[in-house]
Protein chains: 2
Amino acid sequence: MQNSKTKDYFNPGVTVDVAIFTIEDGSLKILLIKRANEPFKNKLALPGGFIHEDETAHDTALRVLADKAGVAGVYIEQLYTFDAPNRDPRGQIMSVTYFALVPREKINIEEGRQTEQPKFIDVEKIAALSFDHSEILAYARKRLQDKIQYTNVIYSLLPKLFTLSQLQSTYEIILDKKIDKRNFRKKFLQLGLLEATEKKFSEGRQRPAVLYRFKKTGFAELKKFF
Amino acid sequence: MQNSKTKDYFNPGVTVDVAIFTIEDGSLKILLIKRANEPFKNKLALPGGFIHEDETAHDTALRVLADKAGVAGVYIEQLYTFDAPNRDPRGQIMSVTYFALVPREKINIEEGRQTEQPKFIDVEKIAALSFDHSEILAYARKRLQDKIQYTNVIYSLLPKLFTLSQLQSTYEIILDKKIDKRNFRKKFLQLGLLEATEKKFSEGRQRPAVLYRFKKTGFAELKKFF
DNA sequence: GTCATTTAGTGTTCTAAATACACTATATAA
DNA sequence: TTATATAGTGTATTTAGAACACTAAATGAC
């Protein structure tokens, strides 16, 4: 492959790394792969890849999502571009990072088929990662925490129909704090984003919960509300 | 110049563009240059430059600040990485963008010495810019508006000593709205960031104003407060 | 079939923050 | 001395956030 638009300037390498979040079993999880090659062979890392010719960083992120998580059409947003010296032992390589939010059931990891064995891992249980990926993960978590407080992005972590308890639990997991049930419901319903459906959800010996859906998906900016 | 760490991957070009804001004559202004070369020769653009070898994007931004605005030690922050196809007619070149906040009196533009004639221009009076720089400017203004509402970055646009009226005016200019004087003072003083000095500022036939300073400079995150 | 258990669902009171609003103080220039 | 320009100050009202406990509806166990 050859750069047809070469200048006589220095061009750093450019990769894209993606923090793919989901909620599973009451935890916030992120997709990690086991690196198949050096550097950091067999170590955990964020899924990513080099930008190809005629591909935007966003395109690359979508490609990574499709290849490593088997999903498309999910919420994705550029985070930050990391380029600390020596972040990559191969040389001057910057990483344009993205984060993606995916409801667990949309994800299709073909177990075993991929050498890199992509897996969702509880963010609280992650030790060291390859490169500066721990830093990227910390940055992504902070962005996620901030963003669910002044936007409606939470919809992108939930199934189409969900209960208010599920919604509240999602907030609690990400913000890592308990929220008062009555205050949560009052405030969230007041935002006018939800509509109740006729359906109910029941599981086990308990009162069934009304299922809600977002009136419209698509991104919206709100006032800060927690 | 030669990339000593070459891989057999495609490397896009990488530039850094910087939105340098200041307040002057009651307006929010940004530093623009007149491009000396093609493409967009003689058109207005954000100051910027290619990343050099062994230089981080942040370093590049500092270099641009020093070269084009003659300042160092100012507030600077990475904004976003723009890489839309065809944003640069020379080919696939991404721009890692930064914004900087500078008190007007710190800036040292050597008039006429530079072929690019860097000038501060009122953001309200800017028509089209080169490349996708209008988009970058819009993004930077939004970030600035948001950021002064939940951080103390406003300090980086003010001189060491300033009056509460100057401070309020800076907020009003950036947010493009009037703020009630009593409420503003009450709220801002309550934050505990300022200390009054013995000095007073007078200009013209009017009561002199107490000069304040920030107790500590350096970035801090606050609650959203307007 | 009743009772124990589990989660769903609901209002009010109190506190804190945001907003709306108008006059006096102190300097200079005319 | 007086007109003018900006500095500086307090209260009342409204709105939003926080704290708090019981009833409702289903199932599983016995």
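The shown structure was predicted, so the numbers you read here are calculated from the model rather than taken from an experiment. Chain naming here is simple, since letters A, B, ... match the order of the sequence lines and numbering starts at 1 in each.
Counting only distance, with no hydrogens or angles, the side chain of A:Thr60 and the backbone of A:Thr56 share a donor-acceptor pair below 3.5 Å. Listed for the A:Thr97 side chain is no donor-acceptor partner under 3.5 Å among the backbone atoms of A:Val18.
Checked against A:Glu195 for a salt bridge (charged side-chain N to carboxylate O under 4.0 Å, His left out), the options A:Lys160, A:Arg213, A:Lys215 give a single hit: A:Arg213.
Using a 4.5 Å cut-off on side-chain heavy atoms (C-beta onward), A:Val14 and B:Asp83 make no contact. Put simply, the side chain of A:Ile30 reaches to within 4.5 Å of the side chain of A:Leu46, judged on heavy atoms.
What separates CG of B:Leu211 from C1' of D:dT6 is a distance of 14 Å, to the nearest Å. Distance, B:Leu189 CG to D:dT9 C1': 12 Å, rounded to whole Å. The CZ atom of A:Arg205 sits 7 Å away from the C1' atom of D:dT27 (whole-angstrom rounding). Summarising the geometry, the separation between CG on A:Leu222 and C1' on D:dA16 is reported as 16 Å, rounded to the nearest angstrom. Atom CD in B:Gln206 sits about 14 Å away from atom C1' in D:dA3, given to the nearest Å. Rounded to an integer number of Å, the gap from CG of B:Asp180 to P of D:dA7 is 14 Å. For B:Phe188 and C:dA18, the CZ to P distance is 14 Å, given to the nearest whole Å. Regarding B:Gln190, its CD atom lies at a distance of 8 Å from the C1' atom of C:dA17, rounded to whole Å.
Residue side chain B:Arg207 reaches the base of D:dA7 through a donor-acceptor N/O pair under 3.5 Å, judged by distance alone. You'll find a donor-acceptor pair under 3.5 Å spanning the side chain of A:Lys181 and the base of C:dG9, going by distance alone. One N or O donor and one acceptor, one from the side chain of B:Arg182 and one from the base of C:dA22, sit under 3.5 Å apart.
Closest approach of A:Ser27 and A:Ile173 over heavy atoms only: C-CG2, 3.8 Å. What you find for B:Glu55 and B:Asp59 is that their closest heavy atoms are CG-CB, 3.3 Å.
OP1 or OP2 of C:dG9 lies within a sub-4.0 Å distance of a side-chain N or O belonging to A:Arg185. Using a 4.0 Å cut-off, no side-chain N or O of B:Ser165 falls inside it from OP1 or OP2 of D:dT6.
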Begin from the C-alpha positions of A:Glu124 and A:Arg141 and carry the test salt bridge (Lys or Arg N to Asp or Glu O under 4.0 Å) through to its verdict.
CA-CA 11 Å; A:Glu124 298 293 343; A:Arg141 285 188 70 182; 3.0 Å; yes
When you look at A:Phe214 and A:Phe162, which way does the ring pair (Phe, Tyr, Trp, His ring centres under 6.0 Å) test go after all the steps?
CA-CA 9 Å; A:Phe214 279 90; A:Phe162 52 88; 5.4 Å; yes
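Across the helix from C:dG1-D:dC30 to C:dA30-D:dT1, the helix axis at one end is tilted relative to the axis at the other end by 0° (nearest 10 degrees, each axis from five pairs).
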Under 3.5 Å, which protein N or O atoms sit close to an N or O of nucleotides 11-15 of chain D? Give each pair with its distance.
unit_1 : atom_1 : unit_2   : atom_2 : d
D:dT11 : O4     : B:Lys186 : NZ     : 3.0

